[in-house]
*Asks:* 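First the structure, which I've put down as structure tokens, then a few questions once you've had a look.
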Amino acid sequence: MKPTRLSYTILIIIGIILIAVMAYFYNQGENKKESIDKKGENEKIEQSKYNGVDIITNTYEEDTYHKAIHYPKFEKELLNEDIKKYVSRMEQGFHDELSKYNKEALRERPAQLYLTFYIYPVIDQLYSIVFTEESYVGGANSRQSNTVFLVDLKNEQFIKQTEIINDTKENREKLYNLLLNAFKQSEEYSSFLVEEDLRDWIENKDNKFSNMYLTNQAIVFEFDKYEVTAGAAGMPVITLPFKQVSEIVSAEWLDRLKIEDTTNNNEPDESDESITEDKTNQEESTEEDMSTDPSSTEKRVALTFDDGPHPKNTLTILDLLAQHDAKATFFMLGSRVDFYPNIAKKVAEDGHEIGNHTWDHKDLTTLSPEKIIQEVQHTNEIILEATSYSATILRPPYGSTNKEVENSIDITSVLWTIDTLDWQSHDPEAVLEIVKENVKDGSIILMHDIHESTIKAVELVLNYLEENGYKCVTVSEIL
Ligand code: NI
């Protein structure tokens, strides 16, 4: 049939409609993508307690060594470069030392490296980052030191200590007297101070006060062991309140720090809240009793997630769990709960169990009883503060525990029956295979919510468990 003018018109109209429809859907897709991306970014920033700072946690469990590395990640890539360089220098030093040792001896007693940090907000977008490096190679050999970074996020730069205290002879003398005075007044350190060593320290021209950092109220000096005291003092921390140091602080910093001094947040409010919000576990235990009703003949497994919370991955896993009406247990690191209290809170609000995974992932069997208690208590406190929930179970890092550890703490240790090795393989299919081969009624499955690849693994595992009649419950319900 010969095309008429009418059929041409119809064709053109159809063409225009088609183009319009395609353009519409294309735009929708783009908008949707963009809004998801934006949402993701914004959430990430908001969900850290420290604006513009995230925490990266990497743990390694090899047969010759354990490593737990924590470091901050800033929005500004420029700042991250220096931090990363520092972190790899520390790791390289550890591995260099390891290479000098016999592998068999190391397998018997794995070496350890812990790199952790504390973060102190000073004024708006200014933080002190204080790293602590600890390594144990060959048993008795232990090393500990600190490294300070003063980070100005607003101006995207690190600040030198000598910008805060002008490095003049006069100022050094004043600083010496301030420190001497503080040492002498300290109950903890006064008897251990070696005055000549402090004198040497202040007169050393290479000393640029790199062990000095700021909090929102004081200048702090953290000395190495034996640096200015006898070994029994450990690593002494001397705090000089701002009002004491006004004579030695540069004019610029006097100004910057003083401004913030008057607009300081009222911290007492927070601690009041955490006390009044205190809630016991009694409700939880009655709930447990009901769910362990023998009338249910379902096979049950406990999914457990270690080393979090994570600002994105944990939330995605919570969504997946909700879709499958599954409950899980999250063994959290105190250092990460400190960064992401709202993520921890959401986990608790969704009805999952929260367990203690220590503050910074140290091997508890290598610590003194006091240190063990500190690791566990400090973490319980921050979990309670963030979630109003008391953790009643502990998963010792690397599954490493012994009688001494168990006797030091009054909290139940929970290990696992299936190790998915998700942290090593980063392969969702491999994780699923391990679960398929080993799962049975009462299994406790170990995964890590800090790895992105674990999200897909969780999806596969949840589908598999559901298809095979397993119910996902908390670890305490299995116990
Ligand atoms: Ni762990």
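Being a predicted model, the structure only gives us computed values, none of them experimental. We count ligands from 1, going down the list as the structure has it; atoms in each ligand are counted the same way.
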*Asks:* Does the structure place the NZ or CZ of K49 under 6.0 Å from the centre of the six-membered ring of F339, at an angle of no more than 45° from the ring's axis?
*Replies:*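 Cation-pi check for K49 and F339: fails.
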*Asks:* Under the 3.5 angstrom rule, does the side chain of H310 hit a backbone N or O of K312 as a donor-acceptor pair?
*Replies:* yes
*Asks:* Treating T314 as the side-chain partner and P311 as the backbone partner, does any N or O pair qualify as donor plus acceptor under 3.5 Å?
*Replies:*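 Absent.
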*Asks:* A side-chain contact here means heavy atoms from C-beta on lying under 4.5 Å apart; do N58 and Y71 qualify?
*Replies:*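 With C-beta onward as the side chain, the pair touches.
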*Asks:* Could you list all the ring pair (Phe, Tyr, Trp, His ring centres under 6.0 Å) pairs where at least one residue sits in residues 396-415, not counting sequence neighbours?
*Replies:*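 As it turns out, the ring pair (Phe, Tyr, Trp, His ring centres under 6.0 Å) pairs with a partner in residues 396-415, which skip direct neighbours, are H66-Y398, H361-Y398.
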*Asks:* Around the Ni ion (ligand 1), what protein N, O or S atoms are found below 2.8 Å?
*Replies:* D307 OD1, H357 NE2, H361 NE2
*Asks:* How are the rings of F158 and F149 set relative to one another: parallel (under 30°), tilted (30 to 60°) or perpendicular (over 60°)?
*Replies:* tilted
